[in-house]
Structure formats: C-alpha cells, structure tokens
**Student:** 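My structure is below; once you've seen it, I'll send some questions.
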Amino acid sequence: MKKIEAIIKPFKLDEVKEALNEIGLRGMTVTEVKGFGRQKGHTELYRGAEYVVDFLPKVKIEIVMEDGLVERAVEVITQAARTERIGDGKIFVTTVEEAVRIRTGEKGVEAI
C-alpha cells in the first residue's frame with residue numbers, strides 16, 4: 001500500500017476530487033493547511049499599511065491505496081491541479097506498512 005499526500009491550491013480541490021472519482025478512488029482526507037516554498041508568500045496592503053503574508057493557504061489531500069493505482073492517481077492529480085504557475089504544489093508518495101479498519105478489524109488493502 002502507498003499513501004499519496006498532495007498539497008495543492010484550494011480552488012483546484014473540486015477538479016482533483018472529480019478526476020480521482022473518475023479513476024475509481026472514493027475516499028480521501030482533506031485538510032486546510034498553510035505553507036510556502038519557492039512562492040515565498042506575497043505582500044498585501046491593509047488599511048494603508050503593507051505587510052508580508054508568509055504562509056499561503058493550501059489544501060492537503062491524503063489518500064491510501066493499493067500499489068497498482070498509485071501511478072495513475074499521481075498523473076490524475078498532477079493534471080487536475082496544474083495551473084502552470086508557481087505554487088501549484090507538490091505530491092509525496094510513501095509506503096504504508098499497515099492499515100486497520102477500526103469498526104471491523106480488517107487489515108491491509110481490505111481496510112482501505
């Protein structure tokens with residue numbers, strides 16, 4: 001099993017969700033997060049004073065799936081989240097050693 005963590009622009013969430021549904025992935029966890037990378041924030045003007053916004057709003061999507069779907073899921077997320085502008089985000093893929101469904105006790109791929 002693998003875990004995909006994708007950090008994307010918030011307005012791209014619906015497109016990514018729809019694209020993942022089309023390839024058969026139904027479950028995901030979504031968290032509102034803040035961060036910066038090369039984008040490094042921006043300055044804003046508020047009541048005549050300029051200030052720097054270091055951390056920009058992003059959305060983090062987490063999905064655990066069987067190994068065979070990972071490559072296609074990464075492609076779909078990349079295509080749906082891309083704006084071709086700085087700050088589009090990142091995708092991380094890690095190995096999941098075990099998953100357990102609390103309600104039934106199922107383990108492994110059956111638990112997801």
Side-chain angles (χ1 to χ4, degrees):
M1 292 177 295
K2 301 284 187 196
K3 178 180 183 181
I4 294 178
E5 291 180 70
I7 300 169
I8 62 171
K9 292 182 176 183
F11 66 89
K12 286 294 198 171
L13 178 60
D14 286 337
E15 289 177 52
V16 170
K17 186 180 107 182
E18 289 172 19
L20 288 169
N21 278 337
E22 287 177 15
I23 65 167
L25 292 173
R26 303 277 181 248
M28 68 176 70
T29 301
V30 177
T31 311
E32 292 180 11
V33 296
K34 292 184 180 200
F36 71 92
R38 291 183 184 161
Q39 201 173 3
K40 294 191 176 115
H42 61 276
T43 58
E44 288 189 5
L45 193 61
Y46 179 72
R47 295 188 177 183
E50 220 177 68
Y51 66 98
V52 176
V53 177
D54 288 334
F55 295 102
L56 301 171
K58 302 288 181 179
V59 172
K60 180 176 165 182
I61 300 168
E62 297 174 88
I63 311 164
V64 177
M65 66 188 64
E66 57 188 85
D67 294 352
L69 295 173
V70 173
E71 190 173 325
R72 182 71 181 125
V74 169
E75 288 173 14
V76 163
I77 294 168
T78 301
Q79 290 169 359
R82 179 178 288 141
T83 66
E84 296 187 8
R85 300 193 61 185
I86 195 163
D88 275 352
K90 299 270 191 304
I91 299 173
F92 306 99
V93 180
T94 55
T95 300
V96 174
E97 291 187 27
E98 184 65 89
V100 178
R101 184 180 307 247
I102 295 172
R103 179 176 53 89
T104 62
E106 293 171 293
K107 293 186 177 187
V109 176
E110 291 79 31
I112 55 175

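Positions are given from 1 along the sequence. Every heavy atom of this structure was used, including side-chain atoms; hydrogens, water molecules and symmetry mates were not. It should be emphasised that the depicted structure is a prediction, and the values quoted were computed from it without experimental measurement.
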**Student:** What distance separates T78 OG1 from K90 NZ, expressed to the nearest 0.5 Å?
**Tutor:** 12.0 Å

**Student:** Hey, quick one: are I7 and V59 part of the same hydrophobic cluster, counting side-chain heavy atoms closer than 4.5 Å, chains of contacts allowed?
**Tutor:** no

**Student:** Which distance, rounded to the nearest 0.5 Å, do you find between the NZ of K12 and the CD1 of I77?
**Tutor:**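 Between K12 NZ and I77 CD1, I get 13.5 Å after rounding to 0.5 Å.
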
**Student:** Hey, any chance L13 and V74 share a hydrophobic cluster, counting ILVMFWY side chains that come within less than 4.5 Å of each other, even indirectly?
**Tutor:** yes

**Student:** Between atom CG of L69 and atom CG of L25, what is the distance when rounded to the nearest 0.5 Å?
**Tutor:**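 Atom-to-atom, L69:CG and L25:CG are 5.5 Å apart.
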
**Student:** Kindly work out whether a path of hydrophobic side-chain contacts (I/L/V/M/F/W/Y, heavy atoms less than 4.5 Å apart) joins I91 to I61.
**Tutor:**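 Hydrophobic grouping puts I91 with I61.
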
**Student:** Which heavy atom in A19 sits nearest to a heavy atom in A80, and how many Å separate them?
**Tutor:**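 Shortest heavy-atom separation between A19 and A80 comes out as CB-CB, 4.0 Å.
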
**Student:** Rounded at 0.5 Å granularity, tell me how far NZ in K9 sits from OG1 in T83.
**Tutor:** 3.5 Å

**Student:** In terms of side-chain geometry, is the basic nitrogen of E98 or K107 positioned less than 4.0 Å from the acidic oxygen of its partner?
**Tutor:**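 The answer is no: the pair does not qualify as a salt bridge.
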
**Student:** Would you say the side chain of K58 lies within less than 4.5 Å of the side chain of K34, judging by non-hydrogen atoms?
**Tutor:**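 No, every pair of side-chain atoms sits at 4.5 Å or beyond.
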
**Student:** Please examine the side chains of F55 and V33, heavy atoms only from C-beta on, and report whether any two atoms are closer than 4.5 Å.
**Tutor:**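 SC-SC contact between V33 and F55 ruled out.
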
**Student:** In terms of hydrophobic clusters joined by side-chain contacts under 4.5 Å, are V96 and V109 together?
**Tutor:**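 The answer is yes; both residues are in one hydrophobic cluster.
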
**Student:** Determine whether R26 and N21 make a side-chain contact, defined as any pair of heavy atoms from C-beta on separated by less than 4.5 Å.
**Tutor:**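 Counting from C-beta outward, R26 and N21 do come under 4.5 Å.
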
**Student:** Surrounding CD of E106 (heavy atoms of other residues, nucleotides or ligands, distance under 6.0 Å), is the total greater than 12?
**Tutor:**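 Yes.
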
**Student:** Would you mind reporting whether T29 and V64 have side-chain heavy atoms less than 4.5 Å apart?
**Tutor:** no

**Student:** Could you please spell out the steps behind the side-chain hydrogen bond (donor to acceptor under 3.5 Å, both in side chains) verdict for K2 and T95?
**Tutor:** CA-CA 5 Å; K2 301 284 187 196; T95 300; 3.2 Å; yes

**Student:** Could you tell me the separation between the CZ atom of R72 and the CD atom of E22, rounded to the nearest 0.5 Å?
**Tutor:**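 It is 9.0 Å, given to the nearest 0.5 Å.
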
**Student:** Is there a continuous path of hydrophobic side-chain contacts, each under 4.5 Å between heavy atoms, that joins F92 to V70?
**Tutor:** no

**Student:** Measuring from atom CE of M28 to atom CE of M65, what distance do you get when rounded to the nearest 0.5 angstrom?
**Tutor:**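 If I round to the nearest 0.5 Å, the distance is 9.0 Å.
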
**Student:** Ignoring hydrogens, what is the shortest heavy-atom contact between A81 and I8? Give both atom names and the distance.
**Tutor:** CB-CG2, 3.7 Å

**Student:** Does R101 come within less than 4.0 Å of E110, counting only side-chain N to carboxylate O?
**Tutor:**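 No, no charged N to carboxylate O under 4.0 Å.
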
